[in-house]
Amino acid sequence: MTELSATAERLFSGQIGAEYDMLDVICPAAAAMSDRVGEFVAALPPGPLNVAELGCGTGVTTRALLRRSGALITALDNEPAMLSQASDRLADFIDEGRVRLVEADALAGLAALPSGETSVVASAYTIHNFLEPYRLRVLAEIFRVLKPGGIFVNGDRYALDETARHTRLTQDEARHYFKTFAALNRYDLLEQWIIHLFSDESADHIMRLGPSLDAMRALGFDPVEVLFRDGVNALVSARKPAA
Ligand SMILES: C[S@@+](CC[C@H](N)C(=O)[O-])C[C@H]1O[C@@H](n2cnc3c(N)ncnc32)[C@H](O)[C@@H]1O
């Protein structure tokens, strides 16, 4: 393991990854967010675009990104079980040369890219999984690889800055998991998703909106904007200023 990948975790190697499509049942907002990321990229000014996607998973967000005609996508993920599902979902686009799947953790994958040559870095529901120090290094790498004027777009779980309200939303979420998986008699998945929620909410992982926007601004991104917000789900864009 390289020093760069040392702090990347693998949270999707078990049953959650094997049955990732269950996310549609427990969090319908996730698929809608992938669409939002895709629509945002599709609406960027015309011209060729090379996109680095962080945490492509099973390829749901990648498919949404492919709506942008001519976009060439390098899709990174560090979980082989997720990449093999992406490989099936995106087979035609991989054959056409529009998508390249890369097994790498986000930090190591970005470190392999040259400075200032990427038009867009896109991601959905991945970056909140990172440990905080690792996430800050990823954000710095995103800034480095982007072209001047390039853009980072992230649709993700951003914890509310108002902690009491955030706790209530998390409790609602846990309640929803129990109802959904109990109705399906899937206590195995319930256990895995509750454990996952504990990881998201832990002090060393939790990604709060305000500090996240501040961290991007401190790196030099300008403007940094919240384009959509519904509970913990937010679409955030951050531009690397043109030279
Ligand atoms: C919740 S899934 C989201 C997948 C996809 N973007 C979507 O919206 O359906 C998160 C993905 O990020 C990947 N991931 C988590 N940590 C990672 C890291 N450090 N580097 C690369 N991929 C990572 C996981 O393997 C998983 O496939």
Side-chain angles (χ1 to χ4, degrees), residues 1-41 51-66 73-90 99-113 120-142 145 152-158 173 177 189 192-193 195-197 199-200 202 204-205 207 232-236:
M1 192 182 277
T2 66
E3 191 268 331
L4 278 179
S5 60
T7 46
E9 297 177 297
R10 288 181 54 203
L11 303 171
F12 291 82
S13 51
Q15 204 59 25
I16 289 187
E19 294 189 57
Y20 186 71
D21 289 350
M22 288 300 282
L23 188 70
D24 290 343
V25 182
I26 60 162
C27 182
M33 188 64 84
S34 290
D35 283 339
R36 282 194 181 87
V37 171
E39 282 158 17
F40 176 87
V41 171
V51 181
E53 185 192 356
L54 307 182
C56 64
T58 60
V60 174
T61 315
T62 323
R63 272 213 84 123
L65 289 166
L66 283 159
I73 303 174
T74 300
L76 307 168
D77 203 289
N78 68 343
E79 183 47 64
M82 299 296 269
L83 282 169
S84 80
Q85 295 174 65
S87 169
D88 293 341
R89 176 172 271 123
L90 304 169
V99 176
R100 189 168 65 96
L101 297 180
V102 178
E103 184 185 329
D105 82 82
L107 192 53
L110 285 163
L113 298 178
V120 175
V121 176
S123 192
Y125 288 107
T126 292
I127 293 174
H128 78 274
N129 291 292
F130 298 170
L131 288 159
E132 172 77 2
Y134 177 92
R135 180 157 57 232
L136 293 174
R137 291 176 69 186
V138 166
L139 289 174
E141 276 297 284
I142 292 170
V145 304
F152 168 48
V153 58
N154 188 33
D156 215 328
R157 178 186 168 87
Y158 282 95
E173 211 168 337
Y177 288 7
L189 278 177
Q192 293 307 312
W193 277 105
I195 288 169
H196 189 89
L197 191 58
S199 172
D200 288 350
S202 65
D204 48 4
H205 290 88
M207 179 168 80
V232 296
N233 304 298
L235 182 69
V236 171

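Indexing begins at 1, ligand by ligand and atom by atom, following the structure's order.
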For the student: nearest non-hydrogen atoms of [X] and [Y], plus distance:
X      : Y      : answer
Thr58  : Arg89  : O-NH1, 2.8 Å
Leu83  : Leu101 : O-CD1, 3.9 Å
Ala75  : Cys56  : CB-CB, 3.6 Å
Tyr134 : Ala106 : OH-N, 3.2 Å
His128 : Arg135 : O-NH1, 3.6 Å

Suppose I only count heavy atoms of [X] and a 4.0 Å limit; which atoms of ligand 1 are within that range?
X      : answer
Ser34  : 8 (O)
Tyr125 : 1 (C), 2 (S), 3 (C), 10 (C)
Gly57  : 4 (C), 27 (O)
Glu79  : 25 (O)
Val60  : 9 (O)

(message) By the definition side-chain contact (heavy atoms from CB on, under 4.5 Å), identify the one residue from Asp77, Val51, Leu90 that meets it with Thr62.
(response) Leu90

Using distance alone, decide if ligand 1 has a nitrogen or oxygen within less than 3.5 Å of any nitrogen or oxygen in [X].
X      : answer
Thr58  : no
Thr61  : yes
Tyr20  : yes
Ala124 : yes
Gly55  : yes
Ala106 : yes

(request) Tell me, please, which residues at least two apart from Asp35 pass side chain to side chain donor-acceptor pair (under 3.5 Å). (result) Arg67

Counting non-hydrogen protein atoms only, what is the nearest one to [atom]? Give residue, atom name and distance.
atom                    : result
atom 19 (N) of ligand 1 : Tyr134 OH, 3.1 Å
atom 27 (O) of ligand 1 : Asp77 OD2, 2.7 Å
atom 18 (C) of ligand 1 : Phe130 CE2, 3.5 Å

(message) So, taking the atom named CG in Leu189 and the one named OH in Tyr177, what distance separates them when rounded to the nearest 0.5 Å?
(response) 11.5 Å

(message) My understanding is that we take every heavy atom of each candidate and find the minimum distance to atom 17 (C) of ligand 1. Doing that for Asn78, Val37, Leu23, Leu76, which one comes out nearest?
(response) Asn78

(request) Indicate, as side chain, backbone, both or neither, the part of Ala30 found under 4.0 angstrom from ligand 1 when only non-hydrogen atoms are considered. (result) neither

(request) May I ask you to identify, for Cys56, whether its side chain, its backbone, both or neither come under 4.0 Å of ligand 1 on a heavy-atom basis? (result) backbone

(message) Can you classify the ring geometry of Tyr20 versus Trp193 as parallel (below 30°), tilted (30 to 60°) or perpendicular (above 60°)?
(response) tilted

(message) Test your reading of the model: is there a side-chain donor-acceptor pair from Thr126 to the backbone of Ala124, 3.5 Å cut-off?
(response) yes

(request) Return yes if some donor-acceptor pair links the side-chain N/O of Gln85 with the main-chain N/O of Gly17 below 3.5 Å, else return no. (result) yes

(request) Report yes or no: does Ala104 have a heavy atom closer than 4.0 Å to ligand 1? (result) yes

